[in-house]
> 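Below are the structure tokens for one structure; questions will follow.
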There are 4 protein chains.
Amino acid sequence: MDAMKLHIEPSSPDPIYRQIVGQITRMIAAGQCPPGTRLPSVREVAAAHAINPMTVSKAYAQLETQHLLERQRGKGMVVADRTQGVTSMEERLQALDPALRDLARQAQELALPVDQVIDALRKLMKDS
Amino acid sequence: MDAMKLHIEPSSPDPIYRQIVGQITRMIAAGQCPPGTRLPSVREVAAAHAINPMTVSKAYAQLETQHLLERQRGKGMVVADRTQGVTSMEERLQALDPALRDLARQAQELALPVDQVIDALRKLMKDS
Amino acid sequence: MDAMKLHIEPSSPDPIYRQIVGQITRMIAAGQCPPGTRLPSVREVAAAHAINPMTVSKAYAQLETQHLLERQRGKGMVVADRTQGVTSMEERLQALDPALRDLARQAQELALPVDQVIDALRKLMKDS
Amino acid sequence: MDAMKLHIEPSSPDPIYRQIVGQITRMIAAGQCPPGTRLPSVREVAAAHAINPMTVSKAYAQLETQHLLERQRGKGMVVADRTQGVTSMEERLQALDPALRDLARQAQELALPVDQVIDALRKLMKDS
DNA sequence: GTGGTCTAGACCACC
DNA sequence: GTGGTCTAGACCACG
């Protein structure tokens, strides 16, 4: 149930509602949220991250428009049944591509050796 | 002279002027632009990337405020002499940290195995 | 330019932003707003109808999502080029169907003779 | 007895309880339900249309407040005796006005010719 | 309890 | 000037 934990970066240039959309989209794509999974309520998310309910609502509404989520009257949002969101590993790697390219370019601009970057990344990914 | 090539991603959530500031900051930090290096003019950059000159100007102004760039009468902007911007590799790795963490989190949300991600990254960094 | 006049019914059960979406959608479907037509700015619409700019913005954002409108940086919204919104008269009659059925049912519940209703409607449509 | 058949459109922007109130109001206004007519019970309506009993109850309560319905111990709701709800045809035509105006405006936005709309409406009203 | 809509007003990014 | 995002708080519809 709390596999649905969200991470919000308030100082990110990426707007909060889009961060939420992105995270949920990725987790559904990876099959980490099978159809029917209940999402935390708008108010829960808002309280947990000290953000405005409307911001969360905006994210949920957008995901509903994309048919990734469904609204259950009086019960909240759940992952849609026809989860056309689930994708293969190749497609998921593709979804990661922009972030990879961004990292690679920044590393190059910082003149950092490949191995240093790889090491740092591996360490971060093991921790989580 | 054209070590100063900039890469702009118009569709990025990161605003354009901040992309420019970030790139130049990183390249100066890595010592890739020794003091005195001339920057392309506002108009050149604007024309090359089909963006508004004001956007470029805003970025340059911000870098001047940070004393990373200096305005030289009739010659445009150059990298500042007292380049307090150059930093050690450790500090540069730290500068990469947000991008690394973002990538790691996205990869985890996508349920991608560490090695797949590392491979993709290594490939990208070799190419460039 | 002011073919784009909007009509807002604040007391309608249909939310305001949806009224706006509906009207613009219909006018585009009917080809009344050729691609490139500029829409009144968010602030203009908000001021003209004494509603909140965010309400208008929400409508525009939704139309942008449906690719009926495009955003021109700093210049406002315009009707999209690839106006896949334009439809045949048959399809437009179909779009009118819910309103027709609603009217027919209300008339029946009110036990109003067909001709009276038709007369009233004809009169209204001539006036406009 | 089943002249009191209700039609519910769950996807309508008009909330369900208001649909119920509207229909019953109109039918009483037209004299289609003489005083004393029994209404289907809250449970019957709720079951028949798969809606929440509270929604039906809310509609009935509102009609009772307007003195169009009366609660009879052990017998449920009936149409009120002093049916001040019955109105002349002129008044009933006036009650239809909002729906007529809405239809006319939509038709105009869709650039549909008057005769086409009239034809479609006449066809619908004959069928029912 | 759930989400939806709206307001009033602030600040940001871009042209 | 344009639209976008966010906040704080209100009220509504539905279960």
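Just so we're clear, the structure is a prediction, and the values are computed from it rather than from any experiment. Residue numbering restarts at 1 for every chain, and letters A, B, ... go by the order of the sequence lines. The figures here come from the full heavy-atom set of this structure, side chains too, leaving out hydrogens, waters and symmetry mates.
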> Want to settle it: does L39(C) or N52(D) sit nearer the 5' end of DNA chain F, counting the closest nucleotide to each?
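Whichever sits nearer the 5' end wins; that is L39(C).
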> Once you round it to whole Å, what is the distance between P of dG4(F) and CE of M54(A)?
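After rounding, the gap between these two atoms is 14 Å.
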> Give a yes or no on whether the backbone of L6(C) and the side-chain of H49(C) come within a donor-acceptor separation of less than 3.5 Å.
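Here the side-chain-to-backbone pair exists.
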> When the distance from CD of E9(A) to C1' of dC6(F) is rounded to whole Å, what number comes out?
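After rounding, the gap between these two atoms is 17 Å.
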> Please give the nucleotide sitting opposite dC14(F) as a Watson-Crick or G-U wobble pair, both distances under 3.5 Å, or none.
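Partner of dC14(F): dG1(E).
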> Any idea which heavy atoms bring P10(A) and I8(A) closest together, and the distance?
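Taking every non-hydrogen atom into account, CD-O, 3.4 Å.
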> Give a yes/no on whether any side-chain N or O of T55(C) is located under 4.0 angstrom from OP1 or OP2 of dT5(E).
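No, no such contact exists.
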> Using whole Å, what does the distance between atom C1' of nucleotide dG4(F) and atom CD1 of I16(B) come to?
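Roughly 15 Å, once rounded to whole Å.
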> Any base atoms under 4.0 Å from K58(B), or only sugar-phosphate, or nothing? Heavy atoms, all strands.
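Counting heavy atoms under 4.0 Å across all strands, no contact is made by K58(B).
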> Round to a whole Å and report the spacing from NE2 of H49(A) to C1' of dC6(F).
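Distance, rounded to whole Å: 16 Å.
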> Please give, in whole Å, the distance from dA13(F) C1' to Q19(D) CD?
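It works out to 12 Å between those atoms.
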> Whether R71(C) contacts dG4(F) is assessed here as follows: a side-chain N or O lying under 4.0 Å from the phosphate OP1 or OP2. Is that the case?
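So the side-chain polar atoms of R71(C) do come within 4.0 Å of the phosphate oxygens OP1 or OP2 of dG4(F), strictly under.
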> Indicate, yes or no, whether a donor-acceptor pair under 3.5 Å links the base of dG1(E) to the side chain of R43(A).
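Such a pair does not exist between side chain and base.
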> Just how far, in rounded Å, is C1' of dC6(F) from CD1 of I8(A)?
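Taking CD1 of I8(A) and C1' of dC6(F), I get 13 Å after rounding.
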> Test your reading of the model: is there a side-chain donor-acceptor pair from Q19(C) to the backbone of E9(C), 3.5 Å cut-off?
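Checked: pair present.
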> From CE of M77(C) over to C1' of dT2(F), roughly how many Å is that when rounded to an integer?
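So the CE-C1' distance, M77(C) to dT2(F), works out to 11 Å.
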> Mind listing the closest non-hydrogen atom pair of C33(B) and V79(B) along with its distance?
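For C33(B) versus V79(B), the nearest heavy atoms are O-CG1, 3.5 Å.
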> Is S57(C) near enough to dG4(F) that one of its side-chain N or O atoms lies under 4.0 angstrom from OP1 or OP2?
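True: S57(C) side-chain N/O within range (under 4.0 Å) of dG4(F) OP1/OP2.
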> Measure the distance from CD on Q62(A) to C1' on dG4(E) and round it to the nearest whole Å.
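Those two atoms, CD and C1', are 16 Å apart.
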> Within the pair R18(C) and dT5(E), is there a side-chain N or O less than 4.0 Å away from OP1 or OP2?
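Answer is yes, contact under 4.0 Å.
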> For G76(C) and P53(A), take the nucleotide of DNA chain F holding the closest heavy atom to each; which residue's nucleotide lies nearer the 5' end?
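Here G76(C) is the residue nearer the 5' end.
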> Answer whether the closest heavy-atom distance between the side chains of Q23(C) and R105(D) falls below 4.5 Å.
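A side-chain contact exists here, since the closest heavy-atom pair is under 4.5 Å.
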> Establish, with yes or no, whether the OP1 or OP2 oxygen of dG1(E) is under 4.0 angstrom from a side-chain nitrogen or oxygen of K75(A).
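The answer is no; no side-chain N or O of K75(A) sits under 4.0 Å from OP1 or OP2.
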> Would you please confirm or rule out a distance under 4.0 Å between OP1 or OP2 of dC6(F) and any side-chain N or O of Y17(A)?
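Answer is no, no contact under 4.0 Å.
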> Contact class for I51(A) (heavy atom, under 4.0 Å): base, sugar-phosphate, or nothing?
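Touches sugar-phosphate only.
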